[in-house]
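Letters A, B, ... mirror the listed sequences (proteins, then strands); counts begin at 1. Both backbone and side-chain heavy atoms feed into the values below; hydrogens, waters and symmetry mates do not.
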Amino acid sequence: MAAATTKKTARKKKDPNAPKRSLSAYMFFANEQRDIVRAENPGIAFGQIGKLLGEKWKALDEAGKAPYEAKAEADKKRYELEKSEYTKSQA
DNA sequence: ACTATGATTGTTGGG
DNA sequence: CCCAACAATCATAGT
């Protein structure tokens, strides 16, 4: 299997203005974990961190995700704004 | 109306 | 520079 291109996230602009998307709770969570996990695991490889993070992510309680979800919400609003322009411009 | 998809978001670390 | 697991997202299009 040489061709491991796996173009899952093939950057394909489908929208004219492409308001992009909003971040995910994971993105905010990762922002903190990146500091924590990596701090506790100095020199940890991305392969391990990725999986380890995911496990911990779900290991968190609702309250744990709360701050991250909250950020995701705020970010979504950010996207809404972009979309607003995008839709307007599109019309 | 509903569903399914696609595109995107950000992290890590190295060839 | 880009990729890949990891998770969420969630707006849009299509039927």
Side-chain angles (χ1 to χ4, degrees):
Chain A
M1 300 3 180
T5 15
T6 355
K7 357 146 102 131
K8 270 176 177 117
T9 50
R11 308 159 293 308
K12 237 161 60 159
K13 239 194 207 163
K14 112 173 142 50
D15 292 306
N17 301 45
K20 312 289 204 229
R21 205 152 217 92
S22 50
L23 271 70
S24 264
Y26 193 90
M27 303 295 90
F28 309 98
F29 161 82
N31 264 278
E32 301 272 0
Q33 285 298 320
R34 153 204 73 154
D35 269 58
I36 316 304
V37 178
R38 209 195 155 195
E40 302 199 309
N41 304 286
I44 184 167
F46 139 58
Q48 305 347 304
I49 242 186
K51 294 175 178 183
L52 177 68
L53 235 99
E55 281 184 69
K56 298 220 172 197
W57 162 246
K58 285 190 183 163
L60 289 166
D61 294 331
E62 286 174 61
K65 301 187 321 161
Y68 312 107
E69 286 181 314
K71 265 266 168 208
E73 266 183 78
D75 188 276
K76 184 211 158 250
K77 277 162 192 166
R78 183 93 229 132
Y79 168 80
E80 269 186 62
L81 194 82
E82 296 174 55
K83 191 197 65 178
S84 190
E85 262 188 81
Y86 148 73
T87 304
K88 186 173 112 208
S89 200
Q90 180 180 78

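- Contact annotation for A:Y79: backbone-only contact, meaning every heavy-atom pair under 4.0 Å involves sugar-phosphate atoms and none involves a base.
- Distances from the side chain of A:S24 to the nucleotides C:dA11, C:dC10, C:dA7 place C:dA7 closest.
- When all heavy atoms of A:R21 and A:D75 are compared, the closest pair comes out as O-OD1, 4.4 Å.
- Set against C:dA7, C:dA11, C:dA5, the side chain of A:K58 has C:dA7 as its closest nucleotide.
- Nearest heavy-atom pair across A:Y26 and A:G50 is OH-O, 3.8 Å.
- Taking for each of A:M27 and A:A72 the nucleotide of DNA chain C with the nearest heavy atom, the 5'-most of the two is the partner of A:M27.
- Of the two residues near DNA chain B, A:L23 and A:G47, the one whose nearest nucleotide lies more 5' is A:L23.
- Side-chain atoms of A:K51 lie closest to C:dA5 of the nucleotides C:dC10, B:dG10, C:dA5.
- Taking atom CD of A:E40 as the reference point, atom C1' of B:dT12 lies 16 Å away to the nearest angstrom.
- Residue-level contact check: A:L52 touches neither bases nor backbone, having no heavy atom under 4.0 Å from any strand.
- The side chain of A:K83 approaches C:dT12 more closely than any other nucleotide in the set C:dT12, C:dA8, B:dG13.
- Nearest-nucleotide assignment on DNA chain B puts the 5′-proximal partner with A:Y26, out of A:Y26 and A:I44.
- Across every non-hydrogen atom of A:F29 and A:K56, the tightest pair is CZ-C, 4.3 Å.
- Distances were taken from every side-chain heavy atom of A:F46 (C-beta onward) to each of B:dT9, B:dG13, C:dA8; the shortest belongs to B:dG13.
- Taking atom CD1 of residue A:I49 and atom C1' of nucleotide B:dG14, one finds them 14 Å apart after rounding to whole Å.
- For the OP1/OP2 pair of B:dG13 and a distance below 4.0 Å, the side-chain nitrogens and oxygens of A:R38 include at least one atom meeting the criterion.
- The CG-P distance, from A:L53 to B:dG13, rounds to 12 Å in whole Å.
- You'll find that the side chain of A:W57 is closest to C:dA7, out of C:dA7, C:dC10, B:dG10.
- Between A:L60 atom CG and C:dC6 atom P the separation is 17 Å, expressed in whole Å.
- The shortest heavy-atom contact between A:P19 and A:E82 is O-OE1, 3.0 Å.
- Atom NZ in A:K65 sits about 9 Å away from atom C1' in C:dA8, given to the nearest Å.
- One interatomic measurement links the two molecules: CG of A:N41 to P of B:dG13, which rounds to 11 Å at whole-angstrom precision.
- Connection of A:L53 to A:F46 is not established within any shared hydrophobic cluster, with ILVMFWY side chains joined at heavy-atom distances below 4.5 Å, either directly or through further cluster members.
- A:M27 is connected to A:W57 through a chain of hydrophobic side-chain contacts under 4.5 Å among Ile, Leu, Val, Met, Phe, Trp and Tyr, so both are in one cluster.
- One atom, CG of A:D75, and another, P of B:dT9, lie 10 Å apart when rounded to the nearest Å.
- In this entry the distance linking CZ of A:F29 with P of C:dA5 reads 19 Å, nearest Å.
- Closest approach to the A:R21 side chain among B:dG13, C:dA7, C:dT9 is made by C:dT9 (side chain taken as heavy atoms from C-beta onward).
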